[in-house]
Asker: 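This is the structure, below, for whatever I ask next.
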Amino acid sequence: AQSVTQLGSHVSVSEGALVLLRCNYSSSVPPYLFWYVQYPNQGLQLLLKYTSAATLVKGINGFEAEFKKSETSFHLTKPSAHMSDAAEYFCAVSDQGEKLTFGTGTRLTIIP
Amino acid sequence: DTGVSQDPRHKITKRGQNVTFRCDPISEHNRLYWYRQTLGQGPEFLTYFQNEAQLEKSRLLSDRFSAERPKGSFSTLEIQRTEQGDSAMYLCASSPRNSGNTGELFFGEGSRLTVL
């Protein structure tokens, strides 16, 4: 069975500071990995995905994530936080099938 | 073009009543998914359809839950004899035929159920 663990249910960073949201995965087969973002009162949106091509994946809004097989990690980063980045972020894994397994989410707060 | 739409957005019901949620996917998408999200948790998979065929159901989907997609377009999720533990956000998502197995889903805004 696949799973993801998101370390830190709440993360606060100052505007302009580095954003780092952590995700570790467990999968018995090469995984597909995703980051989704949920803004208040909106549906989840795909930020970026890893599907066994380049290990460094660039997404929307300046976010990127690096797949590290040796560490079973897929951490999400953004060099400089913006107020509009405040949202809940979910890491998810797929075993190349149809079903996504989500983590419990990390709520990102941006401090002005 | 509209995204995935869900109706109703909010539903308050008394324990023991039946409720039904509707999902209209993006028109050219042939796959449709239902997830459930409770407070402080990530979305949990319930079931999915390819066209009108229901291909997988989670063990979370008890016999009080039924989902249909009769013509391969919109879908309904019915909960019979609701219990307080059914209170959650019910999310619908769809994906296009050419997404393969990359898991890129397009989500609706969800239907929030409160069971009193």
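Every chain is numbered from 1 and lettered A, B, ... according to where its sequence line falls, protein lines coming before strand lines. These values consider heavy atoms only, across backbone and side chains, with no hydrogens, waters or symmetry-generated copies.
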Asker: Tell me, yes or no, whether the heavy-atom count around B/E68 atom CD, taken from other residues, nucleotides or ligands under 6.0 Å, exceeds 12.
Answerer: no
Asker: When you look at CG of A/L20, are more than 12 heavy atoms from neighbouring residues, nucleotides or ligands closer to it than 6.0 Å?
Answerer: yes
Asker: So what's closer than 4.5 Å to chain A heavy atoms on B/L55: side chain, backbone, both or neither?
Answerer: neither
Asker: State plainly whether one hydrophobic cluster holds both A/L56 and A/W35, where clusters connect Ile, Leu, Val, Met, Phe, Trp and Tyr through side-chain heavy atoms under 4.5 angstrom apart.
Answerer: no
Asker: So does B/L39 have more than 12 non-hydrogen atoms from other groups sitting under 6.0 Å from CG?
Answerer: no
Asker: Are B/Y35 and A/L100 side-chain neighbours, meaning at least one heavy-atom pair lies under 4.5 Å?
Answerer: yes
Asker: Report yes if some heavy atom in the side chain of B/Q37 is under 4.5 Å from a heavy atom in the side chain of A/Q38; otherwise report no.
Answerer: yes
Asker: Do A/V13 and A/F90 sit in one hydrophobic cluster, given that two such residues count as connected whenever their side-chain heavy atoms are within less than 4.5 Å of each other, even indirectly?
Answerer: no
Asker: When rounded to the nearest 0.5 angstrom, what is the spacing between NZ in A/K49 and CG in B/L105?
Answerer: 10.0 Å
Asker: How many angstroms lie between atom CD of B/E104 and atom CG of A/L46, to the nearest 0.5 angstrom?
Answerer: 5.0 Å
Asker: Who among A/C91, A/G43, A/S9 has the most heavy-atom pairs with chain B under 4.5 Å?
Answerer: A/G43
Asker: For the pair B/F106 and A/L44, evaluate side-chain contact (heavy atoms from CB on, under 4.5 Å) and give the outcome as yes or no after the intermediate values.
Answerer: CA-CA 8 Å; B/F106 295 78; A/L44 283 86; over 6 Å; no
Asker: Quick one: closest heavy-atom pair of A/N41 and B/R9, and the distance?
Answerer: O-NH2, 4.3 Å
Asker: Among the options B/G108, B/A93, B/P43, pick out the one with the most heavy-atom pairs lying under 4.5 Å from chain A.
Answerer: B/P43
Asker: Surrounding CZ of B/R15 (heavy atoms of other residues, nucleotides or ligands, distance under 6.0 Å), is the total greater than 12?
Answerer: no
Asker: What about A/L21 and A/V4, same hydrophobic cluster or not, with Ile/Leu/Val/Met/Phe/Trp/Tyr joined at side-chain heavy-atom distances under 4.5 Å?
Answerer: yes
Asker: May I have the step-by-step check of side-chain contact (heavy atoms from CB on, under 4.5 Å) for A/Y36 and B/F107, ending in yes or no?
Answerer: CA-CA 10 Å; A/Y36 279 81; B/F107 282 85; 3.9 Å; yes
